[in-house]
Q: 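Structure provided below as structure tokens; questions to follow.
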Amino acid sequence: MRRLLAALCLLTAAHWTAPALAQARSQLGPLCTTETTPADQMVDACTKIIALKVFKGEQLATVYFWRAVGWNKKGDYAKVIADATEAIRLKPSQAVYNLRGSAYYDKGDYDIAIADFDDALKLGAPSGIIFHNRGNAWRGKRDYAKAIVDYDAAIKADPKSAFSFQNRGISKEALGDLDGALADINQAIRLDPTLPQPLINRTSIWRAKGELDRAIADGSEAIRLAKEKPPVNIMTPPNSVLISGYTHRALAYEAKGDYARAREDYNATLAIVASDAVSKANQATAKVRLSLVTDAAAPIPRDAPSPATQAAAAPAPQQTVAAPAPSPAPAVRGTRMALIIGNGAYAHVKALPNPPNDARAVAKSLRDIGFTVSEGVDLDRAAMQKMTRDFLRDAARAQVALVYYAGHGVQVDGRNYLIPVDVELKPGTNMTEAMIDMDTIMAGLDDQVRTNILIFDACRNNPMAQQVASAGTNRAIEGASGLAAPTSLGAGATLGAGTLIAFATAPGQVALDGEGANSPFSAALSRHIGTAGLEVQQMLTRVRAEVVSSTRNKQVPWSNSSLLGEVYLAEK
């Protein structure tokens with residue numbers, strides 16, 4: 001999949017007629033401006049040409065462009081952007097804007113990438129390549145409808161573009177159209193059977209359909225192809241194909257219950273150097289999943305019976321500080337699972353009376369609508385960690401995974417942590433090791449073949465504040481800053497498609513514990529979560545309105561969604 005390099009190649013022959021050293025004409029020029037030149041040699045040659053100070057204007061812009069190409073081969077996107085920006089200053093062109101936009105895309109800066117692709121389309125004739133690349137950026141923003149429109153334009157311009165069929169299929173899968181996605185991916189494979197990427201994407205579709213043997217077979221063939229003939233497209237981030245192939249095959253092995261092979265693939269994923277945002281997100285998922293399957297005592301049988309009936313018959317036992325959390329029964333595809341934790345009996349920071357009540361109320365509401373619920377109350381670190389890890393492990397085979405937490409939380413260096421009841425927050429200690437990393441939970445659930453709902457009735461504050469044990473009616477450890485959006489919702493988001501995350505209060509505000517038996521947020525949530533036929537985002541809108549009214553505008557719940565369609569927790 002070439003990205004407008006040919007246009008620049010046609011210009012290079014004329015550029016070397018200018019007076020220059022003989023070595024520059026005979027050696028440096030071709031090394032700098034030949035697409036197949038190894039990255040280090042290309043960067044070195046272009047750098048030496050720039051140092052000659054022979055070229056100006058459009059000719060110098062071309063040299064900066066090709067050095068940016070070299071940096072792109074190396075996956076150094078900051079330097080790609082710097083050189084492409086200098087080339088644009090000297091002489092704007094469609095190819096340079098396209099290259100810089102692609103670098104911004106690989107960094108995860110999708111809005112800037114779209115702006116560059118827009119400028120590229122304004123500077124020349126409509127290009128299927130640029131439509132394709134802009135479609136990728138729309139897909140990165142999870143605007144799949146706009147992505148499909150651009151892929152349609154790319155396919156119209158080049159009906160033999162395997163990558164455009166592949167990426168249109170990925171977008172259809174994200175919108176829940178598995179059959180349409182499969183048709184596009186199959187067409188991509190027919191157009192170029194040597195490409196590993198479409199096979200990797202078909203692996204995801206087979207997993208979503210529950211056909212795990214087919215998923216593993218496609219993943220294995222994709223890995224073989226990627227090893228046998230590494231992608232030569234200079235715009236493909238280094239190692240990204242292998243990382244994706246190993247990650248998807250590992251997820252299929254894990255869902256099947258073959259933990260030994262899943263561990264091998266997760267280890268292989270982590271052993272590879274990642275450069276782009278998507279590969280780093282895959283590695284974050286692999287790291288969490290590896291720890292989960294490593295802890296597992298034995299593989300889960302592929303045809304394990306559903307625990308839904310047993311769960312509905314009797315509520316899950318509550319946990320105390322001293323008791324370990326039980327491991328939930330293995331889940332099967334189609335199961336709707338929930339992890340519910342309410343911590344209030346804190347030993348070293350302000351105790352909260354309501355989180356245990358909140359957890360019980362939400363857990364009951366979810367059991368009433370058919371969820372398999374793992375419930376924990378007043379958990380110490382060991383119990384909370386075990387319950388969380390057991391849930392994340394079994395969620396690999398669930399259709400819907402819901403996490404609800406009520407209690408204290410903090411933000412440290414941009415990462416968010418949930419607080420077990422035995423944590424003592426002291427200056428000079430490595431406090432984060434004693435807490436539960438919220439970003440780790442999100443990475444462990446980052447898989448678009450499942451719907452993930454994460455709900456947190458907690459505040460994140462500075463744990464080093466002096467008023468650690470202050471009294472009050474909110475869930476702040478000290479009465480200062482409140483919630484902030486998790487870092488994984490920013491540029492280069494790792495929060496994957498199919499996920500909704502909701503907080504009891506808006507960024508920068510505090511969540512009230514309430515004056516009754518429940519917090520305002522959890523009281524509203526437990527009332528509305530079981531409403532039949534109410535789509536989950538509409539349900540949260542009702543919760544938000546009730547909380548705003550009951551707190552007299554002191555608390556405004558907040559949410560962020562990348563759901564792939566309408567989700568109903570209680571059937572219509």
Side-chain angles (χ1 to χ4, degrees), residues 336-344 352 354-369 371-377 384 387-388 391-392 395 398 400-409 416-419 436 438-442 444-446 450-460 475 482-486 488-489 495 498-507 509-514 518-531 534-547 555-563 567-570:
R336 300 191 305 160
M337 300 179 59
L339 171 66
I340 309 296
I341 296 175
N343 286 344
L352 299 170
N354 287 337
N357 301 330
D358 297 335
R360 295 183 186 107
V362 173
K364 181 182 183 303
S365 296
L366 289 172
R367 286 194 186 96
D368 288 344
I369 57 176
F371 272 75
T372 300
V373 177
S374 299
E375 180 183 346
V377 168
M384 191 171 174
M387 178 170 272
T388 300
F391 176 81
L392 289 176
V400 178
L402 186 149
V403 176
Y404 168 87
Y405 171 80
H408 281 314
N416 307 297
Y417 298 88
L418 309 180
I419 311 298
I436 304 300
M438 188 190 302
D439 288 356
T440 297
I441 296 175
M442 291 163 60
L445 292 174
D446 191 1
R450 177 182 54 254
T451 296
N452 304 303
I453 310 292
L454 300 99
I455 304 174
F456 301 102
D457 193 353
C459 277
R460 276 168 252 129
R475 295 188 175 184
L483 290 170
S488 55
L489 294 177
L495 180 61
T499 297
L500 181 148
I501 181 169
F503 289 100
T505 190
Q509 302 301 313
V510 295
L512 301 176
D513 192 52
N518 298 100
S519 77
F521 177 79
S522 294
L525 179 67
S526 60
R527 273 193 290 271
H528 293 291
I529 201 168
T531 303
L534 189 61
E535 201 275 333
V536 66
Q537 295 191 73
Q538 294 176 329
M539 182 271 292
L540 288 172
T541 298
R542 293 189 183 184
V543 170
R544 183 181 301 114
E546 184 171 325
V547 171
Q555 182 174 330
V556 181
W558 172 89
S559 63
N560 182 288
S561 173
S562 63
L563 293 179
V567 175
Y568 296 86
L569 299 182

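Numbers here are sequence positions counted from 1. Side-chain atoms are counted along with the backbone in the values below, which use heavy atoms only and exclude waters and symmetry mates.
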Q: Measure the spacing between CG of L534 and CE of M539 and express it to the nearest 0.5 Å.
A: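 Taking CG in L534 and CE in M539, the distance rounds to 7.0 Å.
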
Q: Assess whether side-chain contact (heavy atoms from CB on, under 4.5 Å) is satisfied between V400 and F371, documenting all intermediate values.
A: CA-CA 9 Å; V400 178; F371 272 75; 4.1 Å; yes

Q: Any heavy-atom pair between the side chains of M438 and F456 that's under 4.5 Å?
A: yes

Q: Any chance you could measure T531, atom OG1, to R542, atom CZ, to the nearest 0.5 Å?
A: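 The distance works out to 6.0 Å.
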
Q: Is the shortest side-chain heavy-atom distance between Y405 and I455 below 4.5 Å?
A: no

Q: Is it the case that N354 and S519 place a side-chain donor and acceptor less than 3.5 Å from each other?
A: no

Q: Measure the shortest side-chain to side-chain distance between D358 and F521 over non-hydrogen atoms and say whether it is less than 4.5 angstrom.
A: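 The answer is no; the side chains never approach within 4.5 Å.
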
Q: Side chains of L402 and M337: does their closest heavy-atom pair fall under 4.5 Å?
A: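 Heavy-atom side-chain distance check fails, nothing below 4.5 Å.
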
Q: Rounded at 0.5 Å granularity, tell me how far CG in L339 sits from OG1 in T372.
A: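 L339 CG to T372 OG1: 12.5 Å, rounded to 0.5 Å.
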
Q: Return the minimal non-hydrogen interatomic distance between A395 and R450, and the atom names on each side.
A: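 The pair with the smallest heavy-atom distance is O-NH1, 2.9 Å.
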
Q: Taking the side chain as everything from C-beta on, heavy atoms only, tell me whether D457 gets closer than 4.5 Å to F503.
A: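 Answer no - side chains too far apart.
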
Q: I'd like to know if the side chain of N452 and the backbone of L445 have a donor-acceptor N/O pair within less than 3.5 Å.
A: yes

Q: Looking only at heavy atoms, what is the nearest atom pair of V543 and L525, with distance?
A: CG2-CA, 3.8 Å

Q: For the residue pair V547 and P520, what are the closest heavy atoms and their distance?
A: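 Between these two residues, the closest heavy atoms are CG2-O, 3.7 Å.
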
Q: Side chains of Y404 and L366, heavy atoms from C-beta outward: is any pair under 4.5 Å?
A: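 The answer is no, as the side chains (C-beta and beyond) never meet within the 4.5 Å cut-off.
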
Q: Look up atom CD in E375 and atom CD1 in I340, then write down how far apart they are to the nearest 0.5 Å.
A: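 That separation rounds to 7.5 Å.
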
Q: Show the nearest heavy-atom pair for residues V362 and S522, with the distance to one decimal.
A: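 Result for this residue pair: CG2-O, 4.5 Å.
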
Q: Looking only at non-hydrogen atoms, find the nearest pair between I441 and L418 and report the distance.
A: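 So the minimum-distance heavy-atom pair works out to CD1-CD1, 4.2 Å.
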
Q: Between the main-chain N or O of A502 and the side-chain N or O of S559, is there a donor-acceptor pair closer than 3.5 Å?
A: no

Q: Out of curiosity, I419 CD1 to I436 CD1, how far, rounded to the nearest 0.5 Å?
A: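 The CD1 atom of I419 sits 9.0 Å away from the CD1 atom of I436.
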
Q: L500 versus T451: any side-chain heavy-atom pair under 4.5 Å?
A: no

Q: Using a 4.5 Å cut-off on heavy atoms from C-beta on, say whether the side chain of L454 contacts that of T499.
A: yes

Q: To the closest 0.5 Å, what do you measure between CZ (R336) and CG (L569)?
A: 6.5 Å

Q: Which pair of non-hydrogen atoms, one from S526 and one from S365, has the smallest distance, and what is that distance?
A: O-OG, 2.9 Å

